[in-house]
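Worksheet for the structure shown next.
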Amino acid sequence: MLDILEDSLRYSALFILTLKVGIWTFALTKQKYLSTYPTKWFTVWIGCCASLALIEWVLVEYIFHDSFPYYTTHIRPFTKAHNVDHMTFLNPLHYFARFTFIGLFFRDLVKNKNWKAFFGYAVLGLIMFELIHVFDFKSYQGYDSVSPTVKNIYVLAGSGLMLYRIYIHPNISVTLHKNLYFWIFMGLFLPALAEVFLEFIFTKLYQTDTISFYKWYLVRNASQILGLILLMVGIWQYKFLRFLPKEY
């Protein structure tokens, strides 16, 4: 059973990697449309996600194996000495990327000066929070529920606010399903909503029940896949971006 779950997680992670690279590649081909709007920060963020996912895949599939020439003599002694978990040690970089670039995306898309200031300060505050969490609490050493919970609440609040402002904005000449921002924020909101509940059980299961942890982690991966598909739909609507306000 455990082997089947591990294989399922591996395949789902590879599919997520493929989606991230695909979205990033598609966004790069439309940069001349996206770069003059707040969507430039979204492109940078999805590029960081794709790059980190690719690095993780290479490390897990090739580097962290006895067959790799330097693993036994150099890498394994280092990771054991610092209690590094091979599956989670890059997670803080994901949080840094999301706190920074999604925060800047929120900041540049809102028109209200107070909201702009809020998101600007939130980016700085969350980066400081993650630095403290990494260096003081060694969050790279195992599964950490605090950072993802903070990340999910932040994304839920920010994307929820933006969905509301999109809904009430009076001067939009395109239908909702053609609104690039609507699909992007739905792609952020729904996985964060699923994950904010899953985080309550992940920590205990990670320590006590590996099989159940893997099962629920597959649910989490499924929510990520749904979110990435919605992000792809959003970028596909790039041609309508010129009809949308730069700020809400």
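The structure presented is a predicted model; accordingly, all values stated were derived computationally and were not measured. Here, residue 1 is the first one in the sequence, and each next residue gets the next number.
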> Is the side chain of Ser223 donor-acceptor paired with the backbone N or O of Arg220 at a distance under 3.5 Å, no angle test?
Replying inline: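 Yes; judged by distance alone, with no hydrogens or angles, the pair exists.
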>> Between Trp183 (side chain only) and His177 (backbone N and O only), is there a donor and an acceptor less than 3.5 Å apart?
In response: yes
>> Run the ring pair (Phe, Tyr, Trp, His ring centres under 6.0 Å) test against Phe15 and tell me which residues pass, sequence neighbours left out.
In response: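 Residues passing ring pair (Phe, Tyr, Trp, His ring centres under 6.0 Å) with Phe15: none at all.
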> Of all residues at least two apart in sequence or in a different chain, which pass the ring pair (Phe, Tyr, Trp, His ring centres under 6.0 Å) check with Tyr238?
Replying inline: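 Applying ring pair (Phe, Tyr, Trp, His ring centres under 6.0 Å) to Tyr238 gives Tyr33.
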>> Working note: Trp24 + Cys49, criterion side chain to side chain contact (heavy atoms under 4.5 Å, CB included); need CA distance, chi angles, decisive distance, verdict.
In response: CA-CA 9 Å; Trp24 185 31; Cys49 288; over 6 Å; no
Non-neighbouring partners of [X] that pass side-chain contact (heavy atoms from CB on, under 4.5 Å), sequence neighbours left out:
| X | value |
| --- | --- |
| Lys178 | Val174, Thr175, Gln237, Phe240 |
| Ala53 | Leu17, Lys20 |
| Leu218 | Leu5, Ser8, Leu9, Ser12 |
| His169 | Asn171, Ile172, Pro245, Tyr248 |

> Which class fits the ring pair Phe185 and Phe105: parallel under 30°, tilted 30 to 60°, perpendicular over 60°?
Replying inline: parallel
Taking the side chain as every heavy atom from C-beta outward, state whether [X] and [Y] have any pair of such atoms under 4.5 Å apart.
| X | Y | value |
| --- | --- | --- |
| Val44 | Thr100 | no |
| Met232 | Leu19 | no |
| Tyr11 | Asn221 | no |
| Phe106 | Tyr154 | yes |
| Trp236 | Leu180 | no |
| Gln31 | Thr43 | yes |
| Cys48 | Phe96 | no |
| Pro38 | Phe42 | no |

> Under the side chain to side chain contact (heavy atoms under 4.5 Å, CB included) criterion, do Leu34 and Ile235 qualify, and how do the steps go?
Replying inline: CA-CA 9 Å; Leu34 304 177; Ile235 294 298; 4.2 Å; yes
>> Tell me whether the count of non-hydrogen atoms from other residues, nucleotides or ligands lying under 6.0 Å of CD1 in Ile4 goes above 12.
In response: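 No, because the 6.0 Å sphere around CD1 of Ile4 holds 12 heavy atoms or fewer from other groups.
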>> If you count heavy atoms of other groups shown closer than 6.0 angstrom to CZ of Phe68, is the number above 12?
In response: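 Correct, the count exceeds 12.
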> Measuring from Gln224:CD to Glu195:CD, what's the distance to the nearest 0.5 Å?
Replying inline: 5.5 Å
> Quick one: CG on Leu230 to CE on Met186, what's the gap to the nearest 0.5 Å?
Replying inline: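 Rounded to the nearest 0.5 Å, the CG-CE separation comes to 6.5 Å.
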>> Walk me through whether Phe119 and Leu161 qualify under side chain to side chain contact (heavy atoms under 4.5 Å, CB included).
In response: CA-CA 12 Å; Phe119 284 118; Leu161 171 68; 3.9 Å; yes
Set of residues satisfying salt bridge (Lys or Arg N to Asp or Glu O under 4.0 Å) with respect to [X], sequence neighbours excluded:
| X | result |
| --- | --- |
| Glu6 | none |
| Arg10 | Asp7, Glu61 |
| Lys215 | none |
| Lys40 | none |

Please name the pair of heavy atoms, one in [X] and one in [Y], separated by the smallest distance, quoted to 0.1 Å.
| X | Y | value |
| --- | --- | --- |
| Phe197 | Leu193 | CD1-O, 3.0 Å |
| Ala192 | Val155 | CB-CG1, 4.0 Å |
| Ser159 | Leu188 | CB-CB, 4.3 Å |

> Could you walk me through whether Phe99 and Val123 pass the side chain to side chain contact (heavy atoms under 4.5 Å, CB included) check?
Replying inline: CA-CA 6 Å; Phe99 290 151; Val123 169; 5.9 Å; no
[X], [Y]: one ILVMFWY side-chain cluster at the under-4.5 Å cut-off?
| X | Y | value |
| --- | --- | --- |
| Tyr62 | Leu59 | yes |
| Ile168 | Leu244 | no |
| Ile153 | Tyr164 | no |

>> For residues 232-248, which residue pairs pass the salt bridge (charged side-chain N to carboxylate O under 4.0 Å, His left out) check, not counting sequence neighbours?
In response: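 Found Lys116-Glu247.
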Listed pairs under 3.5 Å, donor-acceptor, residues 124-131 side chains, sequence neighbours left out:
| unit_1 | atom_1 | unit_2 | atom_2 | d |
| --- | --- | --- | --- | --- |
| Glu130 | OE1 | Ser147 | OG | 2.8 |
| Glu130 | OE2 | Ser147 | OG | 3.4 |

